[in-house]
Protein chains: 2
Amino acid sequence: MHDDVSMARSMTVQDGFGAAATHETFPLPPGRTHDICLELHSAILEHRLAPGMKLSEDEVGEIYGASRTVVRAALQALAHSGLVTIARNRGAFVSRPSIREAQEVFEARALIEPRIARLAAEVMKAADLKKLKKHLDAEHAALDSGDMGKALSLSGAFHIAIADIADQQVLSQMVRSLISRSSLIIALYWRRADTTCESHAHHALMKAFSEKDGPGAEEIQKSHIIDLHSGLDLREKKEPSSSLADALKPA
Amino acid sequence: MHDDVSMARSMTVQDGFGAAATHETFPLPPGRTHDICLELHSAILEHRLAPGMKLSEDEVGEIYGASRTVVRAALQALAHSGLVTIARNRGAFVSRPSIREAQEVFEARALIEPRIARLAAEVMKAADLKKLKKHLDAEHAALDSGDMGKALSLSGAFHIAIADIADQQVLSQMVRSLISRSSLIIALYWRRADTTCESHAHHALMKAFSEKDGPGAEEIQKSHIIDLHSGLDLREKKEPSSSLADALKPA
DNA sequence: GCAAATCCGATCGTATACAATTTTTCATCA
DNA sequence: TGATGAAAAATTGTATACGATCGGATTTGC
């Protein structure tokens with residue numbers, strides 16, 4: 001009886017949960033905090049904010065016309081996505097992934113994304129293919145117009161779109177986070193001049209998708225991630241001047 | 001400290017980034033917010049807080065002697081880990097993972113954890129084995145004393161310890177999140193009476209680890225996760241009393 | 001007696017104020 | 001001139017206050 005009551009209440013409470021958040025970027029209810037998150041998020045992904053840049057609460061608040069309270073919440077949310085690093089009493093900064101972290105992020109992508117590609121291929125519908133095609137077109141347009149930041153951001157969006165089609169919310173969330181971090185990593189360590197190979201891989205994926213070739217898509221995606229990884233310069237370089245003596249002793 | 005000043009400044013900005021957060025539970029600097037996060041975290045993992053339970057900001061604040069500001073931040077942090085669900089203008093609740101989400105969480109674990117087990121086996125050291133052994137002992141102790149919540153929590157800690165040994169921070173972070181959610185899922189959907197099989201799998205893992213048998217550990221871990229998954233009752237059941245008529249219409 | 005509209009209490013969202021800490025500035029001295 | 005240290009400025013950490021919104025109890029009308 002007592003159980004009945006508590007049960008009935010928890011049921012009421014349960015309402016609205018369950019499969020509540022379908023592919024949301026942040027587990028926050030809509031509101032100003034969420035808006036600012038999205039704003040900063042795309043700014044970072046498009047490389048308009050460089051890694052290491054200070055994100056002062058007052059400054060951000062003034063820009064978006066919000067008080068520190070909401071800005072603070074937004075920064076903490078971004079910290080959970082790994083895009084922002086918060087140091088106590090010092091504030092928030094755009095994250096600077098270490099070489100080590102860069103390795104790990106791409107290894108994780110190489111583990112997760114191929115699986116997602118296979119799942120996506122298996123459930124791919126005509127409408128989905130169309131959506132992906134649109135992504136590719138937008139990416140090309142940005143590339144042609146020379147807006148590299150936008151192009152990179154859209155390239156990431158392509159990967160996320162695949163995850164959404166696979167309809168795996170848990171993995172999709174992980175991929176989102178990994179791709180966001182990849183953007184920072186690319187900002188720091190990208191060495192390759194030609195970004196065209198990117199599009200090539202994406203087109204190959206499209207082909208596999210249109211043929212509902214799960215294993216094929218999986219394989220292509222795996223190669224693609226490895227290729228991206230190899231496009232990074234992740235050699236340990238000592239700090240620009242970890243010691244003055246080192247810096248001025250070139251041989 | 002006699003390093004040149006300009007360098008010191010640029011270092012200051014970078015310092016604390018990079019490989020900053022080594023296996024941290026939350027990407028927040030130490031402080032009351034972090035403490036409350038940990039407190040609520042273990043309370044949920046030990047099933048002292050049931051899924052669906054309301055976490056009022058005022059109430060939690062009073063319990064831990066903190067103002068709503070820090071409690072709010074803690075709840076939002078937990079929301080990012082998926083342990084708490086926040087509904088706008090309604091507040092925070094311990095999450096109630098849907099059946100769908102439960103499936104996905106264990107599928108994700110089956111993808112990620114075996115890989116981690118293999119990596120861990122390959123780098124396993126004597127000291128690491130000892131640590132794992134301690135985890136097992138603690139788990140047994142809790143089990144014997146009948147504290148199921150604690151036992152379950154320690155069982156999860158075992159998996160996390162493996163991830164830490166593998167020394168893959170990115171994957172480790174994901175595993176942490178997945179295991180936390182698994183705890184909620186088990187609270188909701190566990191059907192099996194015997195939790196002993198758990199320990200059996202863990203012992204089998206220990207054996208593989210001690211032999212540095214990477215592929216073996218990978219395979220055992222995969223079976224283990226699948227076994228856990230199969231221990232859940234994830235059949236769709238209609239609302240306990242969506243209509244009074246249904247509830248009172250016996251058989 | 002029951003349904004619907006309304007009112008009230010509780011809780012959250014946001015802004016602001018103050019305290020604590022860090023960073024910068026600048027005067028002083030070797 | 002460069003190092004040293006203290007004081008000032010700026011920034012974050014936390015608490016509190018007020019307005020907004022939601023859920024439930026009461027009232028009203030039929």
- Note on the structure: For B:S182, the side-chain hydrogen bond (donor to acceptor under 3.5 Å, both in side chains) test, sequence neighbours excluded, returns B:R109
- Task: Sorted by first residue and then second, give each salt bridge (Lys or Arg N to Asp or Glu O under 4.0 Å) pair with at least one member in residues 66-81 of chain A; sequence neighbours left out.
- Result: A:E57-A:R68, A:E57-A:R72
- Query: To the side chain of A:K54, which of C:dC12, D:dT11, D:dG13 is closest?
  - Reply: D:dT11
- Message: How many whole angstroms separate atom CD1 of B:I86 from atom P of C:dT11?
- Response: 16 Å
- Check side-chain hydrogen bond (donor to acceptor under 3.5 Å, both in side chains) between A:S180 and all other residues, then give those that pass, not counting sequence neighbours. none
- Task: Remember a base hit wins even if backbone is also touched, and classify A:R72 as base, sugar-phosphate or nothing at under 4.0 Å, heavy atoms.
- Result: base
- Item | Between P of C:dC12 and CD of B:Q76, the distance in whole Å | 12 Å
- Send over the distance from A:F93 CZ to C:dT23 C1', rounded to a whole Å. 11 Å
- Message: Quick test of your reading: applying ring pair (Phe, Tyr, Trp, His ring centres under 6.0 Å), list the pairs with at least one residue in residues 44-74 of chain A, sequence neighbours left out, ordered by first then second residue.
- Response: none
- Query: Quick one: on DNA chain C, does A:R88 or A:G31 contact a more 5' nucleotide (nearest heavy atom)?
  - Reply: A:G31
- Message: Quick test of your reading: applying salt bridge (Lys or Arg N to Asp or Glu O under 4.0 Å), list the pairs with at least one residue in residues 73-84 of chain B, sequence neighbours left out, ordered by first then second residue.
- Response: none
- Task: Identify which one of A:R176, A:Q169, A:K131 satisfies the side-chain contact (heavy atoms from CB on, under 4.5 Å) criterion when paired with A:D164.
- Result: A:R176
- Query: How many Å lie between CG on B:D35 and P on D:dG13, as a whole number?
  - Reply: 14 Å
- Query: Could you run down nucleotides 15-20 of chain D 5' to 3' and tag each one B, S or - for protein heavy-atom contact under 4.0 Å?
  - Reply: BBB---
- Message: If you compare every side-chain N and O of A:R90 against the phosphate oxygens of C:dT23 (OP1, OP2), does one of them come in below 4.0 Å?
- Response: yes
- Message: What is the distance, to the nearest angstrom, from the CD atom on B:E59 to the P atom on C:dA10?
- Response: 13 Å
